[in-house]
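Structure first, then comments.
Here the structure is a predicted model, which is why all the values come from computation and not from measurement.
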Amino acid sequence: MAKTKEAEPDQPDEQLDRAIEELRGVLREEENRPNAALQSGANSSIIMAIPVDVQIILGSTEMPVSELMALQKGSTVALNRRIGEPVDVVVNGRKIARGEITVLESDPTRFGIRLTEIIAATKSA
């Protein structure tokens, strides 16, 4: 009798989709329990405290190794995006939103991102 192996997700996106769906299922089950009001606050705070890696991707480029090795202080690298185009907001390697760069009102020495589009999660097959 041949053993059949369940399809393992090969892509990190598929693994993340599966983990998110499992987490949503657990949260739904917790909400439906009689003592859910007392327990859901504790469970939510645990989940909300999980750190995630957030990156803002301004742009990218491709160049031969010879050009890369020739870079030095003061060199300029042209990116694939133009001024005013949206930047990508990436969480744990997955693009979740787009936004525009802005200067923080509370601290004009720092940049921030104003979200202009939330990218809908797609469920992998």
Item to check | Fellow cluster residues of I57, listed by chain then number, with links counted only when side-chain atoms sit under 4.5 Å apart | outcome: V90

Item to check | Listed once per pair and sorted, the salt bridge (charged side-chain N to carboxylate O under 4.0 Å, His left out) pairs that draw on residues 101-113, sequence neighbours left out | outcome: none

Next on the checklist: Please give the remaining members of the hydrophobic cluster of I119, linking ILVMFWY side chains under 4.5 Å, ordered by chain and number.
Outcome noted: none

Checklist entry - According to a 4.5 Å side-chain heavy-atom criterion applied to Ile, Leu, Val, Met, Phe, Trp and Tyr, with indirect links allowed, do I56 and V52 form part of one hydrophobic cluster? => result yes

Item to check | side-chain hydrogen bond (donor to acceptor under 3.5 Å, both in side chains) involving E85 - partner list, sequence neighbours excluded | outcome: none

Next on the checklist: Other members of the hydrophobic cluster containing V65, with the 4.5 Å side-chain heavy-atom rule, please.
Outcome noted: M69

Checklist entry - Distance-only, no hydrogens or angles: does the R81 side chain make a donor-acceptor pair with backbone N or O of P86 under 3.5 Å? => result yes

Checklist entry - What is the distance from atom CG of D53 to atom CD of Q55, rounded to the nearest 0.5 Å? => result 4.5 Å

Item to check | I83: side-chain contact (heavy atoms from CB on, under 4.5 Å) partners, not counting sequence neighbours | outcome: none

Item to check | Qualifying residues under salt bridge (Lys or Arg N to Asp or Glu O under 4.0 Å), relative to R82, sequence neighbours excluded | outcome: none

Checklist entry - Who passes side-chain contact (heavy atoms from CB on, under 4.5 Å) against I101, sequence neighbours left out? => result L58, V87, F111, I113

Checklist entry - Any salt bridge (charged side-chain N to carboxylate O under 4.0 Å, His left out) pairs touching residues 56-75, not counting sequence neighbours? => result none

Checklist entry - Is the side chain of T102 donor-acceptor paired with the backbone N or O of G112 at a distance under 3.5 Å, no angle test? => result no

Checklist entry - Which atoms form the tightest heavy-atom contact between S75 and A70, and what is the distance? => result OG-O, 4.4 Å

Checklist entry - Looking at A97 and L115, what are the two nearest heavy atoms and their distance? => result CB-CD2, 4.0 Å

Checklist entry - Do you reckon V89 sits in the same ILVMFWY cluster as I50, going by side-chain contacts under 4.5 Å, direct or chained? => result no

Item to check | Heavy-atom side-chain contact between T61 and M63 under 4.5 Å | outcome: yes

Next on the checklist: Which residues pass the side-chain contact (heavy atoms from CB on, under 4.5 Å) test with S66, not counting sequence neighbours?
Outcome noted: P64

Item to check | Listed partners of N80 passing side-chain contact (heavy atoms from CB on, under 4.5 Å), at least two apart | outcome: S60

Checklist entry - Quick one: CZ on R98 to CG on D88, what's the gap to the nearest 0.5 Å? => result 5.5 Å

